[in-house]
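Sharing a structure here in structure tokens format.
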Amino acid sequence: MDDYIAIQRCILLAKSSGGWVHPNPKVGCIIVHNHKVIGEGRHHKSGGHHAEVMALSSVEEKDKNLIKYSTLYVNLEPCCHFGKTPPCTDLIISNGIKNVVIGVSDPNPKVSGKGIKCLKKAGVNVKVGIYEIECIELNKRFFHSIQKGLPYVVIKWAESSDGYIDKSRNSLNSKPIKISSPSMQPIVHSWRSKEQAILIGIKTFLTDRPILNVRLSSGPDPIKIIWISKLIKKNKLDLENAFKEGWIIWGPNAHESANDALLRHLKESGLRSILVEGGAETIKYFFKASIWNECRIIKNEKKLGNGVAAPLIPESHSPRKVYSIDKNKVSIYFNPK
């Protein structure tokens with residue numbers, strides 16, 4: 001089997017894990033003997049077996065004797081340290097595998113080339129750098145959070161054709177208007193399932209009391225965060241109840257600016273990724289500090305006439321991807337910085 005086809009298969013396997021693996025990367029692995037796949041597996045969930053373990057254990061009993069004559073393919077460098085599971089390099093070596101092909105090396109300082117060195121030291125032939133760009137793209141959240149020390153931030157909102165994200169509401173009990181059509185909801189929920197956390201501002205929380213779970217798609221519910229740019233004493237009970245319900249509360253301390261506090265919380269969080277769902281003022285904080293990686297704007301044909309104006313992308317550039325679903329146009333932007 002061609003190395004590129006094999007790594008493509010690893011990427012495909014890894015993709016199917018969705019957001020279950022956070023904070024770990026998505027990894028797929030296959031075992032090939034004489035151009036035939038005799039075993040394959042993926043990392044299913046954080047704390048569970050790694051892809052290499054799953055692939056080796058999937059090999060049928062009649063083919064076990066072929067493992068030492070096979071090539072192991074994996075999209076990310078095998079780990080060489082004890083975490084929640086033993087080192088995958090030890091397993092590869094103990095199975096007598098002499099050929100390993102790796103898509104890309106692991107940016108994690110605990111691995112970062114050490115796994116490759118460990119395999120080579122044991123006499124394993126190692127090839128690295130097959131579909132490297134695609135392998136990094138697959139785990140861009142993992143790579144970004146380790147290399148930059150910040151979560152990968154995805155900002156999302158839906159706006160009307162005349163540029164509003166909500167109607168004007170004077171009552172906390174008034175319901176938000178649904179701008180995007182029902183056909184978009186499963187897609188938005190799948191977006192939620194792929195990010196480790198979801199964040200909204202205090203005003204959005206108090207006004208809408210959103211559930212923010214994954215109901216119309218498969219995948220894990222993200223960790224829920226409330227961002228408070230200013231301390232609001234009158235809402236102390238609301239925040240205490242939110243905390244009891246599992247929400248994480250972020251905000252500045254007494255001697256800290258909102259921008260500094262946001263950056264501090266992001267750095268200290270250890271999160272791989274965050275989906276920011278609003279509201280407009282909260283999104284502006286992320287734009288102002290240029291703390292964002294992707295922005296997904298859903299524009300619907302309906303008009304509101306007036307209301308809460310949609311945020312504006314700070315840099316003037318074109319979306320990288322545009323597609324239509326029903327009466328919605330989805331535009332995806334990437335931060336050029």
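Computed from a prediction, not measured in an experiment: that's the story for all the values here.
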Side-chain donor-acceptor contact under 3.5 Å, N335 with S290
yes
Main-chain N/O of G219 paired with S193 side-chain donor or acceptor, under 3.5 Å:
no
Looking only at side chains, do H33 and D63 share a donor and an acceptor under 3.5 Å apart?
no
Taking the six-membered ring of F334 (Phe, Tyr or Trp), confirm whether the NZ or CZ of R320 is under 6.0 Å from its centre and within 45° of its axis.
yes
Mutual orientation of the aromatic rings belonging to H265 and W250 [parallel < 30°, tilted 30-60°, perpendicular > 60°]
parallel
Identify the heavy atoms of S94 and L91 that sit nearest to each other, and give their distance.
OG-O, 2.9 Å
Begin with the C-alpha distance, continue with both residues' side-chain angles, and end with the deciding distance and a verdict on ring pair (Phe, Tyr, Trp, His ring centres under 6.0 Å) for W247 and F205.
CA-CA 11 Å; W247 289 81; F205 172 77; 5.1 Å; yes
Main-chain N/O of G279 paired to T204 side chain as donor or acceptor, under 3.5 Å:
yes
Would a distance-only check, ignoring hydrogens and angles, find a side-chain to backbone donor-acceptor pair under 3.5 Å from R192 to N213?
yes
Ignoring hydrogens and angles, tell me if any N or O in the side chain of N139 forms a donor-acceptor pair with the backbone of F142 under 3.5 Å.
no
Step by step, work out the side chain to side chain contact (heavy atoms under 4.5 Å, CB included) result for L72 and I30.
CA-CA 6 Å; L72 182 145; I30 66 173; over 6 Å; no
Could D238 and R209 be called an ion pair, given the rule that one side-chain N must be under 4.0 Å from one carboxylate O?
yes
Lys/Arg N to Asp/Glu carboxylate O, E268 vs R264, below 4.0 Å:
yes
Does N300 use its side chain to pair, donor to acceptor, with the backbone of K302 at less than 3.5 Å?
yes
Hey, does I179 have a side-chain heavy atom less than 4.5 Å from the side chain of L304?
yes
Using modelled atom types only, decide if a donor and an acceptor are shared between the side chain of N125 and the backbone of N99 within a distance under 3.5 Å.
no
Closest approach of I146 to R272 (non-hydrogen atoms, all atoms of both residues):
CG1-NH1, 3.6 Å
Okay, side chain of K284, backbone of L312: is any donor-acceptor separation there less than 3.5 Å?
no
Any donor-acceptor pair under 3.5 Å linking the side chain of Q185 with the backbone of P182?
no
Report, as yes or no, whether the 6.0 Å neighbourhood of atom NE2 on H144 holds more than 12 heavy atoms from other residues, nucleotides or ligands.
yes
Over 12 non-hydrogen atoms of neighbours within 6.0 angstrom of CG in L263
yes
Side chain to side chain, K127 and D3, heavy atoms closer than 4.5 Å:
yes
Are there more than 12 heavy atoms of other residues, nucleotides or ligands under 6.0 Å from atom NZ of K329?
no
Using every non-hydrogen atom in the two residues, find where P314 and W292 come nearest and quote the distance to one decimal.
CG-NE1, 4.1 Å
Do the side chain of S17 and the main chain of H43 share a donor and acceptor less than 3.5 angstrom apart?
yes
No-hydrogen, no-angle side-chain donor-acceptor test under 3.5 Å, Y285 and N259:
no
Can you confirm whether more than 12 heavy atoms, excluding those of Y69, are under 6.0 Å from its OH atom?
no
Write down the atom of I93, the atom of A122, and the distance for their closest heavy-atom approach.
CD1-CB, 3.5 Å
Specify the closest pair of heavy atoms between A197 and L271, including all atoms of both residues, with the distance to one decimal.
CB-CD1, 3.8 Å
Checking S180 against N328: is there a side-chain donor and acceptor pair closer than 3.5 Å?
no
Separation of K224 NZ from E245 CD (nearest 0.5 Å):
7.0 Å
Heavy-atom closest pair (P186 atom, S217 atom, distance to 0.1 Å) is O-CB, 3.7 Å
Taking side chain as C-beta onward, heavy atoms only, is Y164 less than 4.5 Å from E159?
no
Salt bridge check: are E294 and K140 linked by an N-O gap of less than 4.0 Å?
yes
Taking atom NZ of K64 as the centre, does the number of heavy atoms from other residues, nucleotides or ligands within less than 6.0 Å exceed 12?
yes
Using a strict threshold of under 4.0 Å (side-chain N to carboxylate O), is an ion pair present between K114 and E77?
no
Decide whether R296 and S331 meet the rule of one side-chain donor and one side-chain acceptor closer than 3.5 Å.
no
Are any side-chain N or O atoms of N95 and backbone N or O atoms of I97, one a donor and one an acceptor, separated by less than 3.5 Å?
no
